[in-house]
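All remarks here apply to the structure that follows.
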Amino acid sequence: MNEVSASPLSEPVLLILLSLAEQPRHGYSILKDVEETSLHRVVLSTGTLYGALHRLLEDHWIERFEENESSRGRHAYRLTREGRKKLRMEIARMKHLTQLARLRVASKEA
Amino acid sequence: MTRLYRWLLFLYPSDYRAIFGREMTEVFDKAHAATSKRGILGRAAFYLRELTGLIQTASYAQIRIHCEWADRMKRFVSGRAAVTALIFMFVAIVTAIEILKSFAFHRHPTQPMLWHEFLLAVLAGLTVICGGVIGWAILFLLGRSGVHRIANIDTGSRQK
């Protein structure tokens, strides 16, 4: 049985984690990706983005690293194993919810 | 605009600013440049979003820092270090009282009363102050050494 997360993640946090699940990114890249994947519904401010990144770093769900030698001091972010696990749990939770909703709605319509 | 944003970053705690300050300014710069093609309403929405986001997260970061500090102090004060310091202060006060008593009972009758009492008060006061300062120094040095964090170290002994 899949593990299901106890408390749901907020949409911005989920989108940030999804953005980093694909590849490591730096701040602005996360900002743009979140905007695009949410079809311009979630537009993060710089402060909100870094507030969320700060919390995710503290929880060890993501890690910060220097992107490459040529761009010294430029930091990027990537998911940790713990972060990936939490993301999978959240996806399982959402999947369960979607299945339940589909069943209930279908039984009502039938 | 970047200068103003950099100035507003001072609303964040210094540690937060040291880690993210430069990155946040860069991201703001890029996002600001991207809004240049939008109309006046688009730019106004951008500034409003940035301002509210910054105030909200800066307040949150400040509250968290103060809560952490208060929690750390609470744990520290209730620790053994505080008990040691309080014992030290208590001994200093008792010693001061004993000094006052011994001088009062062995006072030479020919000595002027006021001068003698003044000396006693100074001596007792100095003893209490020295006790307090030493007690405070013990607390301060232990706090600086980070010894209170030892209690927070997870040795993994609970994981079976």
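To find a chain, count down the sequence lines: A is the first, B the second, and so on, and within it residues start at 1.
The hydrophobic clustering, which links ILVMFWY residues whose side-chain heavy atoms are closer than 4.5 Å, places A:Leu100 and A:Met89 apart. The hydrophobic clustering, which links ILVMFWY residues whose side-chain heavy atoms are closer than 4.5 Å, places B:Leu4 and A:Tyr50 together. When the side chains of ILVMFWY residues are joined at heavy-atom separations under 4.5 Å, either directly or via intervening members, B:Ile55 and B:Met1 end up in a single hydrophobic cluster. No single ILVMFWY cluster, assembled from side-chain heavy atoms under 4.5 Å apart, contains both A:Leu97 and A:Val105. Linking ILVMFWY residues whenever their side-chain heavy atoms come closer than 4.5 Å, directly or via other members, leaves A:Tyr77 and A:Phe65 in distinct clusters.
Counting heavy-atom pairs closer than 4.5 Å to chain B, the top residue among A:Val43, A:Leu31, A:Leu49, A:Leu53 is A:Val43. If you tally non-hydrogen atom pairs under 4.5 Å between each of B:Ala58, B:Ala34, B:Gly53 and chain A, the highest count goes to B:Gly53.
Contacts of A:Leu57 with chain B are made by side-chain atoms alone, with heavy-atom separations under 4.5 Å and no backbone atom involved. Heavy atoms closer than 4.5 Å to chain A are found nowhere in B:Ala61, neither backbone nor side chain. Contact of B:Phe46 with chain A is not made at all, since no heavy-atom distance falls under 4.5 Å. Using a 4.5 Å cut-off between heavy atoms, B:Ile19 touches chain A through backbone and side chain atoms alike. Both the backbone and the side chain of B:Phe28 come within contact range of chain A, judged by heavy atoms closer than 4.5 Å.
For the atom pair B:Arg64 CZ and A:Glu58 CD, the distance stands at 4.0 Å (nearest 0.5 Å). We find the NE2-OH distance between A:His54 and B:Tyr60 to be 9.5 Å, quoted to the nearest 0.5 Å.
Of all residues spanning residues 37-44 of chain B, those with a heavy atom less than 4.5 Å away from chain A's heavy atoms are B:Arg38, arranged by number.
Under the 4.5 Å side-chain criterion, counting only non-hydrogen atoms from C-beta, A:Arg64 is in contact with B:Phe20. Between A:His75 and B:Arg22 there is no side-chain heavy-atom pair separated by less than 4.5 Å.
Residue pairs satisfying the salt bridge (charged side-chain N to carboxylate O under 4.0 Å, His left out) criterion with at least one member in residues 41-51 of chain A, sequence neighbours excluded, are listed as follows: A:Glu11-A:Arg41.
Side-chain atoms of A:Thr48 and B:Gln56 form no donor-acceptor pair, as typed in the model, at a separation below 3.5 Å.
In terms of heavy-atom proximity, B:Arg49 sits nearest to A:Ser45 at O-CB, 3.4 Å. The minimum heavy-atom distance linking A:Gly51 with B:Thr57 is given by the pair CA-CG2, 4.2 Å.
Partners of A:Arg84 under the side chain to side chain donor-acceptor pair (under 3.5 Å) rule, at least two apart in sequence or in another chain, do not exist in this structure.
Applying the side-chain contact (heavy atoms from CB on, under 4.5 Å) test between A:Thr46 and each of B:Val27, B:Leu54, B:Asp29 identifies B:Val27 as the sole match.
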Enumerate, atom names and distances included, each donor-acceptor pair closer than 3.5 Å involving a side-chain atom of residues 18-28 of chain A, sequence neighbours excluded.
{"unit_1": "A:Ser19", "atom_1": "OG", "unit_2": "A:Arg25", "atom_2": "NE", "d": "3.1"}
{"unit_1": "A:Ser19", "atom_1": "OG", "unit_2": "A:Asp33", "atom_2": "OD2", "d": "3.0"}
{"unit_1": "A:Glu22", "atom_1": "OE1", "unit_2": "A:Arg25", "atom_2": "NH2", "d": "2.5"}
{"unit_1": "A:Arg25", "atom_1": "NE", "unit_2": "A:Ser19", "atom_2": "O", "d": "2.9"}
{"unit_1": "A:Arg25", "atom_1": "NH1", "unit_2": "A:Ser29", "atom_2": "OG", "d": "3.2"}
{"unit_1": "A:His26", "atom_1": "ND1", "unit_2": "A:Arg74", "atom_2": "NH2", "d": "3.4"}
{"unit_1": "A:His26", "atom_1": "NE2", "unit_2": "A:Arg74", "atom_2": "NH2", "d": "3.0"}

